[in-house]
Every structure is written in structure tokens, then in C-alpha cells.
Amino acid sequence: MAKEITKREDNYSQWYNDIVKKAGLADNSAVRGCMVIKPLGFGIWENMKAQLDKMFKETGHVNAYFPLFIPKSFLSKEAKHVEGFAKECAVITHHRLMNNPDGEGVVVDPTSKLDEELIVRPTSETIIWNTYRDWIQSYRDLPLLINQWANVVRWEMRTRPFLRTTEFLWQEGHTAHATKEEAITEAELIHEVYAKFAEEYMAMPVIKGYKSENERFAGADNTFTIEALMQDGKALQAGTSHFLGQNFAKAFDVKYSDSNNKEEYVWATSWGVSTRLVGGLIMTHSDDAGLVIPPRLAPTQVVIVPIPKPSEEIMKVADDIAAKLKDRGIRVKVDTDDKKRPGFKFAQYEMEGVPVRIGIGMRDLANNLVEVARRDTKEKESISLDSIDQHIDDLLINIQNNLFERAKKYRDDHITEVDNFDDFKKVIEEKGGFVKCHWDGTVETELKIKELTKATLRCIPNDEKESEGKCVYSGNPSNKKVLFAKAY
RNA sequence: CGGGGCGUAGCGCAGCCCGGUUAGCGCACCUGGUUUGGGACCAGGGGGUCGGAGGUUCGAAUCCUCUCGCCCCGACCA
């Protein structure tokens, strides 16, 4: 393991790559654009998944699983949907290999060509709505509240670990409702769940809002989004929840009979978050010493390091502390490695983002003390053995809160209100972050701003009050301020 | 798909311009010893089809041609 990672101020994206690699979150794989998620990275995802799954279940959803492959014809049934995904689909054309008749290795058997090509799912609306047609007859079958944990493939031109990979892991919820109002309420409910998860578990402050027509999901009537801000001033779309109207119901002919035996098209939502969240987590909290993981998602919350190395006496104390912490539900690891020295271990656990480190050495032990170091501020203090478990319990909560407050302060400091385009450009170029301004509501203006500044309309915030003003670009009247930013 | 860069030990690199013993260095790894409160030190050791294929040459990591792959920047996107 190398000692150095690139400093954030020197090269932010290199710093990000270094963290992913050197903290052991993921490796590049033999497949272009696809990563191997290593135990630490996957452990974080597992914790995210466990919490989200719990929240989905608490709001009445159940899990199911739909096929990885989608018949090509399905993708073309919803016009906007095709437009959105056609350019990035992996297509399966054959189903058999054979020994190369002309030499070494194997070749595709030309006689195994599929009658209809299969698409590796970029998202599952089509296959799911094709299935829902059979599942839904009456209003008594509604609502249908289903989620699936799955992998999907989008053939992106350029990839980055976690933030954008060709294959990624996610959950996708797909719900069916009898009324428009109920479907909108569902999309908003999940929007709230996502925001709560991001802020309370990831300690990542988010702005809740909805997308402009231009930025909305292909096939949606409305897209709710949570937008986070990374340390380099770029925004990250962290989770989206879509009100799909009756678009997919009409495309796949999904109707139900209401209580008056009248046939109606079903109303739909879909919503998802992905392993991209791990990237967001990294870029929200980590520093030049490595990864910083908020305690609630850390696979290991506390590591106990014997100083200078494991001895019978020290290990007895270590095991005793570990047992007490486990009783409190804290995920703790005791380092029993006698080959490496403490200094090396300290640096290593800092790189891996373990929130709290307890150092136990004879010198402190003689005074009934241990050394407690917190990852977020790197502060160290000596704590009495008698109250160590309570102290750690409190400290983990404290770290979780501190990470959120720190990130929120940065985020709030980087929302800049402007009322003219010169200031807009200046803020986007020099300061970064969100720019809040009036917008005339047209796609033309939105695209022009993107062309001139690379900033995109991130969202129209939910909590933004109406106010009269002039569009920052066109000068046309506007009654609401929106957020622009450069984004991942 | 454009514009840059790079492929030499597990990782990071030097050597290439100007061809010539047995291809080198740091980290990591193995053995032994001394160490041990913030990335230990000494000694010894193992590990390479120099990305691949052709060519030039008495001789190629080095020169030429072709090819494959990766990274960074841009267009596209969660």
C-alpha cells in the first residue's frame, strides 16, 4: 500500500481515484468501464442497502425480481423512453459459442442468432409493465408496491468508479396506482425517504426539488430529485423518483376496473438509487488522508489497535472493550496483527475511513486510560476504561452529526444567488457550487446556459417560494428561482 | 468519436533519443536478526515471453510498420 494520495487541491479527480484504489473500495476490472467492488466498498453498499430496504418495507413495499434481459421490441413501446436509452444499450444477438474452426479459441456460432435480440436492462420499466398487465385487473389489485435490487447496464462513453460505471448495482421501485394523486404521493414519499436516508445515514445534505422537462427521466411526467454538492463544487444527482403518469400503462395496455366497473389506465411511479451513492459518500466527507465514512454506514465503526503490538495483557483489555461495544450494537474490530507497527496501522485505518480508533498501550493502561482518535477531526483524547463504551457510543453519534454539519455548512456556503448573467458565469467558473437565480422556464434558455457555462439546471427546489423577477439569461419574467450547477 | 499521455516484476518508475555483457531502482514479497507509543532498520533472497505481431540488423526494451489495451481531457449520461 502506497503512502501518498494526491491532494484534493492539486487534482481533485485524481484524489478521488486514489481514494477508491488505496482505501480498497474498488479495482478496475478486465472489462472496460466495469469495476470490481472490493469488500470495503461493497460493505458500505451493503449497509446502504440494508437501511434503504428497511425504509422501503416500512413504507409498504415488497421486493421481487425481474429478468436481466428485455426483448428489443419492449424498449420501443414508449417513444420517449427509447429516445432516452437507445444509445446506451448492450444487445445480445447470439446464444452459443463454438470452437474456432480456423484456429485457436472460440467464436460466436453464426447459427445461434436470436430471432429477436435481447437487451441487457438499462432499467426495467418495460419488462415490469409488460408483467403488470397480467397482474392488474381490478382496483382491488392496486396499489402494487414493488422494489427490486438488481444490476443494470448502460453503455456510457466515459466511466468513473462508482459515479458512472457500465454495469452498476441499484434498486428500482416500480409502483402502480389507481389514481394520479396516489401515484404522485408515492413519488413524493420515496423522494422523502431518499432525502432522509442521504442526510441521516450518509450525512450528506441534499436539496429536494424537481427536474425541468429537459432533465427529466425519459418517459416521466415529473422527476423528483435529491441533489448533493461535492467538495469540488460540482453537484451530484443522488436519487430520483419519477411520476410516470399513464405513459407506461398506455404503452403496455395496463388497465384496471374501478369500483363502477369502468376501465381506466393505471398510474405509475419508478424510483432508484445506485452504487453512485458510494461515490457521493466519498466526495462529501473524505480528506487528504483518505476515506471518511459516517459511522452509521461504516462496515467497521471502531478499530482497537494494541500498542506496540498484541500482548496477552493488552489483548485481554481489547477483547473486553470489544465485547462491551458489541453489546451496544457497535461494529468493532480488534487488530491482532503482530507483524505491522502501530504507525502503519494508524495510517491504514485512516485511509480506510474507520470512524474511531482506540489505541491501547501499557503506558496509558497503567493509568486506566486508552487513547481514542476520531477520524473526522483527527483529534485524540485519553479516556478512562471505566466509561469507554458510553464514550464511544456518544462519540459515534457526535461524528455522524459533525460530518453532516460540516458538509451542510460547505453546501450552504456554496449556494450563491445571482441576478445577472455575468455574475452567473463568474460564480460557476470561480467559486463553483449551486447558483440560484430566476429562469424563464424555457428549454431554449436552459440549453443556452448549458452551452455557455457547462452548468445544468439541477432542480427547481421544493421549498423555494414564488417571487417575481427576470430570467438571469433572457430577462423574461420568472416567478421562481432555480438551481444551476456543474454536475457529475 | 476527437485531443493528449502511457504499456518494462504485484504496484510505482528509470533505461529508449544515440541498438551491444547477465534489463535496473523504490515499494511490496520471502528468510534471519535487531527493533516496536504515528507509515522501523540491517543482511540475504525470489520474482521479467520489456503489451502483441511482423520487419530492419551479426545483434532490438531501444529503430520501422501494424495492432491491442489502459489512463486523462472533451462530446453523452445516474
Side-chain angles (χ1 to χ4, degrees), chain A residues 1-6 11-14 16-18 20-22 24 27-35 83-89 122-123 151-172 194 211 214-218 220 223 225-228 235-242 270-280 289-290 305-311 314 337-351 357-367 369-371 373 378 380 382 450-451 454 456 458 486-488:
Chain A
M1 188 69 66
K3 294 175 186 177
E4 299 290 322
I5 60 175
T6 306
N11 184 341
Y12 192 81
S13 61
Q14 191 56 48
Y16 176 82
N17 290 338
D18 285 353
V20 168
K21 202 162 196 177
K22 294 182 176 162
D27 271 346
N28 288 325
S29 74
V31 185
R32 180 193 159 81
C34 296
M35 61 178 174
E83 241 175 78
F85 288 106
K87 287 170 290 184
E88 47 190 39
C89 287
T123 179
N151 57 337
V152 287
V153 166
R154 295 181 191 173
W155 214 267
E156 304 287 356
M157 291 174 189
R158 211 177 135 203
T159 59
R160 300 196 63 192
F162 293 108
L163 295 172
R164 179 171 300 105
T165 47
T166 301
E167 178 191 13
F168 57 94
L169 306 183
W170 76 345
Q171 56 73 215
E172 47 180 325
Y194 285 164
K211 290 289 189 185
N214 179 245
E215 291 281 336
R216 168 188 305 169
F217 172 74
T223 289
T225 179
I226 53 172
E227 297 284 327
L236 182 81
Q237 178 177 306
T240 48
S241 174
H242 315 289
S270 71
W271 28 274
V273 295
S274 73
T275 35
R276 168 176 254 208
L277 289 180
V278 177
V305 180
I307 300 169
K309 63 178 183 180
S311 68
I314 289 174
D337 186 345
D338 60 359
K339 299 289 192 298
K340 296 189 174 67
R341 310 180 66 177
F344 181 89
K345 293 178 181 177
F346 295 170
Q348 189 58 32
Y349 288 120
E350 278 162 14
M351 180 68 78
R357 183 183 75 236
I358 301 176
I360 308 177
M362 293 310 292
R363 208 158 69 201
D364 286 341
L365 219 47
N367 298 312
L369 297 172
V370 292
E371 181 185 83
K378 303 262 212 66
K380 292 192 276 198
S382 292
K450 182 180 178 185
E451 183 193 326
K454 304 253 161 54
T456 50
R458 301 320 304 158
K486 284 189 190 171
Y488 275 98

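Only a predicted model underlies this, so the values are computations on that prediction, with no experimental measurement involved. Residue numbering restarts at 1 for every chain, and letters A, B, ... go by the order of the sequence lines.
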Could you give the distance separating B:C71 and B:U36 at their P atoms, to the nearest angstrom?
-> 45 Å
Between B:G19 and B:U57, how far is it from one C1' atom to the other, in whole Å?
-> 9 Å
Determine the interatomic distance between C1' on B:U56 and the same-named atom on B:U65; round to the nearest Å.
-> 11 Å
C1' atom, B:G47 versus B:C11: distance in rounded Å?
-> 14 Å
So what does A:Arg160 touch, heavy atoms closer than 4.0 Å: a base, only the sugar-phosphate, or nothing?
-> nothing
Short side-chain N/O contact from A:Arg341 to OP1 or OP2 of B:G37, under 4.0 Å | yes
Hey, does A:Ser13 reach any base, or is it just sugar-phosphate, or nothing, if we go heavy atoms under 4.0 Å?
-> sugar-phosphate
Could you say whether A:Glu371 or A:Arg458 is positioned toward the 5' end of RNA chain B, judged by the nucleotide with the nearest heavy atom to each?
-> A:Glu371
Presence of A:Asn17 side-chain N/O under 4.0 Å of B:C72 phosphate oxygens OP1/OP2 | yes
Consider only side-chain N and O atoms of A:His242 and A:Thr223, and report whether a donor and an acceptor are under 3.5 Å apart.
-> yes
When we call it a touch if two heavy atoms are under 4.0 Å apart, what does A:Gln237 touch: a base, just sugar-phosphate, or nothing?
-> sugar-phosphate
When you compare B:C17 with B:U62, how far apart are their C1' atoms, in angstrom units rounded to a whole number?
-> 9 Å
Could you check whether A:Arg154 gets within reach of a base, just the sugar-phosphate, or nothing at all, counting any heavy atom under 4.0 Å?
-> base
Across the strands shown, which category fits A:Leu236 at heavy-atom distances under 4.0 angstrom: base, sugar-phosphate, nothing?
-> nothing
Under the 3.5 angstrom rule, does the side chain of A:Thr165 hit a backbone N or O of A:Met35 as a donor-acceptor pair?
-> no
In the structure shown, which nucleotide is the Watson-Crick or G-U wobble counterpart of B:G45, with both distances under 3.5 Å?
-> B:C29
Under 3.5 Å, is there an N or O donor on one side and an acceptor on the other linking the side chain of A:Glu350 and the base of B:G38?
-> yes
Please work out if A:Ser29 contacts a base, only the sugar-phosphate, or nothing of the nucleic acid, heavy-atom cut-off 4.0 Å.
-> nothing
Pairwise 5' ranking along RNA chain B for A:Thr159 and A:Phe168, keeping only the more 5' one | A:Thr159
Of the nucleotides B:G37, B:G38, B:C76, which one has an atom closest to the side chain of A:Phe346?
-> B:G38
P atom, B:A23 versus B:A75: distance in rounded Å?
-> 47 Å
Of A:Lys345, A:Lys22, A:Arg357, which meets salt bridge (Lys or Arg N to Asp or Glu O under 4.0 Å) against A:Glu350?
-> A:Arg357
When the P atoms of B:G24 and B:G46 are considered, how many whole Å apart are they?
-> 12 Å
Contact class for A:Lys380 (heavy atom, under 4.0 Å): base, sugar-phosphate, or nothing?
-> base
